[in-house]
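Okay, so here's the structure we're looking at.
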Amino acid sequence: MNALSPVPETATDITPSGEDYAIVKQVIELITIDYREQPSLDAIAAELGQSPTQLQKVFTRWAGLSPKAFLQAVTLDHAKRLLHQEELPLLETSLEVGLSGPSRLHDLFVTHEAMSPGEWKAKGGGLTMRYGFHPSPFGLALVMVTDRGLAGLAFADDEGGRDAYFHDMARRWPNAHYVQDSDATAPYISRVFDARRWACEEPLRVVLIGSDFQIRVWQSLLKIPFGKAVTYSDVARDIGQPTASRAVGAAIGRNPISFVVPCHRALGKSGALTGYHWGLTRKRAILGWEAGKG
DNA sequence: GACGGATTCCGCA
DNA sequence: TGCGGAATCCGTC
């Protein structure tokens with residue numbers, strides 16, 4: 001869509017182009033086969049048929065980290081450290097306070113509201129949902145907005161599968177009225193993925209449309225500070241149902257606003273990345289990318 | 001009611 | 001450690 005406006009490619013560009021992710025994704029898949037081996041840059045480049053120099057450049061532009069540092073950021077050990085860094089991160093962080101803690105300085109500034117139970121029962125009836133596809137640092141992104149704010153954010157693995165990804169989202173609110181409108185959704189993409197705009201004065205408006213339980217879970221996720229992680233049982237405890245960790249997992253899996261509601265920061269108790277609706281590779285990518293911004 | 005999880009725990013190489 | 005199986009709990013349809 002935006003082929004006419006070239007993005008300047010400088011090392012300091014914190015809004016990486018969508019194409020970089022295609023390379024990064026392959027790298028992550030390679031190192032995940034056996035992450036203990038930590039293959040050399042040369043080996044990875046050879047495997048992908050790229051020059052090491054070029055690969056290094058793309059990688060650093062995308063991640064803000066050298067490939068080596070990135071490899072370390074996606075190991076199990078590192079994930080465990082994220083979990084234990086801070087004892088109970090969920091209890092003290094107030095979303096409304098937003099910018100109070102230094103770690104949140106680099107985080108996306110968000111306010112949210114939830115749809116009423118009645119509106120949820122209507123399954124989107126009476127709601128106009130504008131949507132569009134845009135390049136993002138994690139592949140093609142599908143954005144859905146209502147007049148109350150951002151309602152959906154999904155990732156697509158391939159151009160050709162747009163319909164499938166659209167339906168994956170649209171069936172969550174089957175009675176909504178869907179209108180393709182990339183002009184309406186484009187501003188959200190840059191607001192969400194351009195780290196320079198995360199802490200701007202005006203918070204990103206988000207609307208959570210889900211069951212009562214799901215909304216409580218998603219609100220809990222919104223409180224996880226940037227660069228931290230929690231376990232499913234942490235979330236269960238936070239919403240006052242300490243034994244519901246499995247149900248929490250299911251609810252997290254239905255988070256409609258990926259990345260913004262940071263469901264990628266929920267890990268298994270062992271630190272393992274136990275699942276992600278849009279693929280474990282993407283979950284690793286997001287966590288590693290965040291490591292480069294922290 | 002039944003179903004099935006983006007869990008967890010335990011036991012065994 | 002890592003892996004597999006069972007226990008168990010809960011939201012959803």
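Quick note on labels: first sequence line is chain A, next is B, and so on, each numbered from 1.
Regarding A:Arg265, its CZ atom lies at a distance of 21 Å from the P atom of B:dA6, rounded to whole Å. Distance, A:Gln241 CD to B:dT7 C1': 15 Å, rounded to whole Å. Atom P of nucleotide C:dT12 and atom CG of A:Asp212 are separated by 8 Å, given to the nearest angstrom. One atom, NZ of A:Lys121, and another, P of C:dG11, lie 16 Å apart when rounded to the nearest Å. One atom, NZ of A:Lys283, and another, C1' of B:dA6, lie 6 Å apart when rounded to the nearest Å. Atom CD in A:Gln214 sits roughly 9 Å away from atom C1' in C:dT12 (whole-Å rounding). Atom CG of A:Leu273 is separated from atom P of C:dG2 by 14 Å (rounded to the nearest Å). B:dG4 atom C1' lies 8 Å from atom CZ of A:Arg246, rounded to whole Å.
Nucleic acid contact for A:Phe213: sugar-phosphate only, since backbone atoms but no base atoms lie under 4.0 Å from a heavy atom of the residue.
At a threshold of 4.5 Å between non-hydrogen side-chain atoms, the residues A:Phe259 and A:Ser136 do not count as touching. A 4.5 Å side-chain heavy-atom check between A:Leu153 and A:Val261 finds every atom pair outside the cut-off.
Note on residues 260-274 of chain A: pairs passing side-chain hydrogen bond (donor to acceptor under 3.5 Å, both in side chains), not counting sequence neighbours, are A:Tyr232-A:Thr274, A:His264-A:Glu290, A:Arg265-A:Glu290.
Between A:Ser270 and the phosphate of B:dT8, there is no side-chain N or O to OP1/OP2 separation shorter than 4.0 Å. Considering only side-chain N and O atoms, A:Thr243 lies under 4.0 angstrom from the phosphate OP1 or OP2 of C:dC10. Residue A:Thr231 places no side-chain N or O under 4.0 Å from the OP1 or OP2 atom of B:dT7.
Between the base of B:dA6 and the side chain of A:Tyr276 there is no donor-acceptor pair shorter than 3.5 Å.
Across B:dC10 and B:dA6, the matching P atoms stand 23 Å from one another, rounded to whole Å.
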| request: Go ahead and write out DNA chain C as dot-bracket, 5' to 3': ( ) for pairs within the strand, [ ] for ones crossing earlier pairs, | when the partner sits on another strand, dots for unpaired; Watson-Crick or G-U wobble, both distances under 3.5 Å. | output: |||||||.|||||
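The only member of A:Asp147, A:Ile209, A:Val207 that meets side-chain contact (heavy atoms from CB on, under 4.5 Å) when paired with A:Leu127 is A:Ile209.
The listed nucleotides are B:dA6, C:dG2, B:dC9; the one nearest the side chain of A:Leu76 is C:dG2.
Using modelled atom types, one side-chain atom of A:Tyr165 and one backbone atom of A:Asp157 make a donor-acceptor pair closer than 3.5 Å.
Classified by interplanar angle (parallel below 30°, tilted 30° to 60°, perpendicular above 60°), the ring pair A:Trp278/A:Phe155 is perpendicular.
How far CE of A:Met129 is from CG of A:Asp181: 13.5 Å, rounded to the nearest 0.5 Å.
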